[in-house]
Amino acid sequence: MSTGIPKYDPMLDRDPEQLGALAISHNALIACPECDLLQRYRAIPIAGVARCPRCDFILYREIPNSIDHALAFALAGLVLFVVGCAFPLLGLRFGSNLVEATLLTGIGELWSQGLAGVSALVLLTCIVAPVTHVGLMLYVCVPLKFGRRPWRVDLALRSLKSLQPWSMIEVFMLGVLVSMVKLAKMATILPGLGLWAFAGAIIAVVAAMAVLDLRTVWNKLALCR
Amino acid sequence: MMGHPGTALDAALVACGACELVSRAPLGYSDHRLACSRCGAPLHARKRDSVTRTWALVIAAIVFYFPANLLPITRIETLGSVEEDTILSGVIYFIQNGDWPVALVIFVASIFVPLLKLSILIALLISVQRKSGWWRKERTVLYRVTEKIGRWSMVDVFVVTVLVALVDLGALANVDAGPAAAYFSAVVVLTMFAAASFDSRLIWDCYADGERNR
Ligand SMILES: [Zn+2]
Ligand SMILES: [Zn+2]
């Protein structure tokens, strides 16, 4: 498959500081990330969406008060998420026995059963990635609200984007619901405080992601300092 | 030079994969030595070795798909009796209990989505390698869907996590995770990396002589 690009050299990819040069940027141009169609940036109405005319990909959105709203949702999400992790998700009453479990109980149990990889994956997708993702949103949005540029914002925004697919709390929630149905046959299931906090965290995080347009963030950052 | 006269590639421009800023290389620098001036990410006009990497990850995922479905995912001990469940027997269990919605969720997330995702990626890879000009937009949309649905396959792994944590009543009842949990996690992770390493711009890169689009 030749695309007219020189062969990739892994040695050059290690450290961006050591790359040959910085490219010359064109702010008014947009290349569709999915089909590479080159187009000129055009203003769109508030709450509008700009789509690629060739492949329909959403190129950018114009969200009113994007940063403020993302900040509020991310903060709520982080608080609820911490509560969700700290308190029991579910309780199981089986005769006179009562077992309560948090998310960390499950991760620890998988680890002790010898499934270290699965345990690490659940830890990554249900705790590390969501917390870091929301934390980075706050790290970028709080200083930006006051017109300041956060330290190493380039790295923060790159990490934010690459972490996004690995934050799977909404999938975890579906898993919790399925296990509730499965266990309801053999014992009494008691939803815990953690479960409600998790449900709230998911709504807040999804809302934060929906109102945060990274293009707006980069444009705001260009005006800072 | 390949590509349609409307793409960044043809205008000798590169869009940053991380922040989407469009850049031009200074004279004398080739594409792969450049960093984005805004976010510092290395610039590449197309994802590196996209087709080869995606094939490798797809094949690895197919290999793990078999033990993931044939080996037990949970091992349930109740009062001395041991029952081992595979993903499919879990689905059958829910059907027998009349829990159709749950059976459907598990079937779609654990069996159907991974297969669908792998089939779509294989079809896309073959179409790109054959430089097909058919249904470009539809194939791009198909890729977009594939990228979005993969995460939902993790449902069964999370169900196992909750069961293992909660059903820990000593001799009365106990659930252990089976080896399929590890293989299945590997399938999900590999297909997610496979989808991420495929470059949908390759679908649009080759145009037959005289063919024009917009
Ligand atoms: Zn497009
Ligand atoms: Zn960039």
Side-chain angles (χ1 to χ4, degrees), chain A residues 1-6 8-9 12-13 16 19-26 29-31 33-38 53-56 90 92 94 97 99 101 105-107 109-110 113 115 117-118 121-122 125 154 157-158 161 165 168 171-172 174-176 178-179 181-183 185 214-215 218, chain B residues 1-2 6-9 11 15 18-26 29-43 45-46 48-49 51 99 102 105 137 140 151-152 154-155 157-159 161-166 168-169 172-173 176-177 181-182 185 192 200-201 204-205 214:
Chain A
M1 186 84 227
S2 114
T3 45
I5 304 165
Y8 164 62
D9 180 349
L12 294 163
D13 219 28
L19 294 167
L22 289 180
I24 304 154
S25 65
H26 291 260
L29 291 177
I30 297 164
E34 298 223 324
C35 78
D36 210 30
L37 183 71
L38 195 63
R54 190 161 77 163
C55 78
D56 239 12
L90 290 175
L92 182 76
F94 192 80
N97 295 282
V99 183
T105 323
I107 293 168
E109 190 69 22
L110 284 173
Q113 288 181 10
L115 291 166
V118 184
L121 185 64
V122 177
T125 54
D154 50 339
L157 282 169
R158 274 160 64 192
K161 202 175 174 194
M168 301 191 184
V171 184
F172 175 72
L174 183 63
V176 173
V178 169
S179 12
V181 176
K182 195 160 188 162
L183 292 171
K185 291 281 184 298
L214 291 181
R215 191 179 182 82
W218 280 116
Chain B
M1 193 73 189
M2 305 185 72
T7 65
L9 183 63
C19 77
E20 296 174 14
L21 184 69
V22 175
S23 304
R24 182 185 300 281
Y29 283 95
S30 56
D31 161 85
H32 65 310
R33 279 171 160 276
L34 283 173
C36 173
S37 62
R38 185 159 75 174
C39 76
L43 288 178
R46 294 292 177 268
R48 287 165 276 132
D49 303 324
V51 173
D99 286 322
V102 182
V105 166
K137 187 175 168 183
T140 312
R151 55 201 286 104
W152 292 96
M154 279 295 281
V155 161
V157 175
F158 296 146
V159 171
T161 308
V162 175
L163 290 183
V164 156
L166 219 48
D168 193 6
L169 302 161
L172 217 53
D176 283 345
S185 305
M192 279 180 71
S200 61
R201 289 170 294 191
W204 300 85
D205 270 351
R214 303 193 111 255

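In what follows, chains are A, B, ... by sequence order, proteins preceding strands, each numbered from 1.
Considering only heavy atoms from C-beta on, B:Thr7 stays 4.5 Å or farther from A:Leu38 through its side chain. Counting heavy atoms from C-beta on, the side chains of B:Asp168 and A:Glu109 come closer than 4.5 Å. Contact annotation: the side chain of B:Thr140 never approaches that of A:Arg54 to less than 4.5 Å [non-hydrogen atoms, C-beta and beyond]. B:Leu21 is not listed as a side-chain neighbour of A:Trp218, based on a closest heavy-atom distance of 4.5 Å or more.
No donor-acceptor pair closer than 3.5 Å links the side chain of B:Arg151 to the backbone N or O of A:Val171. At least one donor-acceptor pair closer than 3.5 Å links the side chain of A:Gln113 to the backbone N or O of B:Ala177.
Looking at A:Leu115, the atoms closer than 4.5 Å to chain B (heavy atoms on both sides) all sit in the side chain, from C-beta outward. Residue B:Ala182 touches chain A through both its backbone and its side chain, counting heavy-atom pairs closer than 4.5 Å. Both the backbone and the side chain of B:Val164 come within contact range of chain A, with heavy atoms under 4.5 Å apart. Of the two parts of B:Val105, only the side chain, counted from C-beta on, holds a non-hydrogen atom closer than 4.5 Å to a non-hydrogen atom of chain A. Interface residue B:Asp99: only side-chain heavy atoms are found under 4.5 Å from chain A.
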Between B:Val162 and A:Val176, does a side chain to side chain contact (heavy atoms under 4.5 Å, CB included) hold up when you go through it step by step?
-> CA-CA 7 Å; B:Val162 175; A:Val176 173; 4.0 Å; yes
Evaluate the criterion side chain to side chain contact (heavy atoms under 4.5 Å, CB included) for residue pair B:Trp204 and A:Cys55; output intermediate values, then yes/no.
-> CA-CA 10 Å; B:Trp204 300 85; A:Cys55 78; 3.7 Å; yes
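Scanning all heavy atoms of the two residues, the minimum distance from A:Leu121 to B:Ser185 falls at CD2-CB, 3.5 Å. Of all heavy-atom pairs between B:Leu166 and A:Leu183, the closest is CD2-CD1, 3.7 Å. Residues A:Pro33 and B:Ser200 approach most closely at O-OG, 4.4 Å, considering heavy atoms.
In this structure, the salt bridge (charged side-chain N to carboxylate O under 4.0 Å, His left out) partners of A:Glu34, at least two apart in sequence or on a different chain, are B:Arg144.
Exactly one of A:Arg215, A:Arg158, A:Lys161 qualifies for a salt bridge (Lys or Arg N to Asp or Glu O under 4.0 Å) with B:Glu20. That residue is A:Lys161.
A salt bridge between B:Arg46 and A:Asp36 is present, with a side-chain N of the basic residue lying under 4.0 Å from a carboxylate O of the acidic one.
Interface summary for chain B: among A:Asn97, A:Thr105, A:Asp56, A:Ile30, the most heavy-atom pairs under 4.5 angstrom belong to A:Asp56.
Taking OG from B:Ser37 and CG from A:Asp154, the interatomic distance works out to 11.0 Å, rounded to the nearest 0.5 Å. Taking OG1 of A:Thr125 as the reference point, atom CZ of B:Phe158 lies at 3.5 Å (rounded to 0.5 Å). Here the CG-CZ distance, from A:Leu157 to B:Arg38, works out to 9.0 Å after rounding to the nearest 0.5 Å. Taking CG of B:Leu9 as the reference point, atom CG of A:Leu37 lies at 12.5 Å (rounded to 0.5 Å).
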